[in-house]
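Before any comments, here is the structure.
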Amino acid sequence: MSQKTGSGVMKKVVKFGGSSLADAEQFRKAADIVRADKSRIFVVPSAPGRRFDGDTKVTDLLYKMDEIAEKGEKIDDILGKIRARYAEIAEGLGIKDSATGKPFSLDDEFEKIRVKMTTEPERDYAASRGEYLNSLIMARYLGFEFIDAREVIFFDENGVLDSEKTNNVLGDRLKNAKNAVLPGFYGCGADGRVKTFSRGGSDITGSIMARAAKADVYENWTDVSGFMVADPRVVEDPESIDTITYRELRELSYMGASVLHEEAIFPVRHEGIPINIRNTNRPDDDGTWIVESTCQKPKFVITGIAGKKDFCSVIINKALMNSEIGFCRKVLQAFEESGISIEHMPSGIDTMTVVVHESEFLDKEQHVVSAIHRLTDPDTIDIEADLALIAIVGRGMKSMRGTAGRIFAALAHARVNVRMIDQGSSELNIIVGVENKDFETAIRAIYDIFVTTQI
Ligand code: ASP
């Protein structure tokens, strides 16, 4: 995909994930990437991730530190471990303090953290220090301005991101910045305290910054060269996806594809800014482009396959339910009363099926069944467990005859019984329900028919 714009100077926001900043060597690669392209002016770092299998992410150490502090126990050991991670990075990079010329030190910062955590420990504050400290190092190393996310990213009283306020304040701040480093993962809660996003939330910060900066591209640097057509733990060495639309990605990440935080597309989507997923360890790979829409033909009829296990289906049967006004609403009310969210609702003439997460449903199962009886007086209610859902997603399916036919032929061939089918009216996805035990076989069969053999 071309990276030029008509407006002259390009602006890019680059976010680096934890594995891209796990140690000094990775840090150097990330900084080289920033320096290699003058348009990479805004940087969002995560906290240092795992350096090797079995290593612990700094964010996990910070959560542990908070647990210890909340119990009133001593945090010196764990704080020492965290400090060693940053010292290894700063020393490895050989950074000097700009004023004194002495080696760059985070001693003052660690003292502030120690005091705060021993006097009034706070979980979100603790967790946020991972990206905060990494960003101080990155800003110093690149010679970029440091912006504390607490001053520019805001949450409302319900703990939800205040998008407009954030966009205005951060947008104003960036107008005057030549370049800047903004820590990922946290902002300022309605009470003025530090508040974090959910895990992996630095992806959201990158997206927020791209929107506020009106960037041309949001580059998200990680340890894989973009999205794969299927999960590599299920399909060996799957093909990569060159270009995917926001909507396709939304469907795939909702169903479990995890490279990017599922909420990260919303801020950039607002401005139609493309996201480019790149690999810090293979910077020459193009990665995956996530775009609003494209005339680029996908490589295959399907763009991707993703799925999740452990759903339950609740099947409600009642003769002539289709002519009973309000029937569906009453069924849904039964789930709502128990606070259960619904995943899918395929329905027949005299039957309606509600698919829910097994883990959410188990405890409340009988409650829901009696509520459905009370509200709708059905003939029977059946519950089936161990259901896996697989989403086959692709903008290319819309104009293609026989896609569903090929999916079902492939599944029949692989001796997989299809327990449920749901095709969205947008024709962007087809969801099939299979037994948990058939999950991997089904994904491989679908992958093979569309990608390996391409018949
Ligand atoms: N450091 C945080 C986490 O481990 C946020 C992030 O990396 O995006 O979840």
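Just follow the structure's listing: the first ligand is 1, and inside any ligand the first atom is 1.
- Which parts of ligand 1 touch R199 is read off a 4.0 Å heavy-atom cut-off, strictly below it: atoms 3 (C), 4 (O), 9 (O).
- Residue R282 qualifies as open at atom CZ: its count of foreign heavy atoms under 6.0 Å is 12 or below.
- For the ligand labelled ligand 1, residue G201 lies inside the 4.0 Å heavy-atom shell.
- In summary, the aromatic rings of Y132 and F146 are positioned with their centroids under 6.0 Å apart.
- Between F335 and F361, the ring planes are parallel. Angles under 30° get that label, and only those over 60° would be called perpendicular.
- Residue-level proximity to ligand 1 for E131 is carried by the side chain, the only part with a heavy atom below 4.0 angstrom.
- Sparse packing is recorded around NZ of K64, with 12 or fewer heavy atoms of other residues, nucleotides or ligands lying under 6.0 Å away.
- Distances between N or O atoms of D203 and those of ligand 1 include no value under 3.5 Å.
- Between G200 and ligand 1, at least one N/O pair is under 3.5 Å apart.
- Surrounding NZ of K165 are at most 12 heavy atoms belonging to other residues, nucleotides or ligands under 6.0 Å away.
- At a heavy-atom cutoff of 4.0 Å, ligand 1 is contacted by the side chain of S46 but not by its backbone.
- Numbered from 1 in the order shown, with element, the atoms of ligand 1 that lie under 4.0 Å from a heavy atom of S202 read 5 (C), 6 (C), 7 (O), 8 (O).
- With hydrogens and angles left out, the side-chain atoms of N220 and D203 include a donor and acceptor closer than 3.5 Å.
- Comparing T59, I204, N134 by heavy-atom distance to atom 1 (N) of ligand 1, the nearest is T59.
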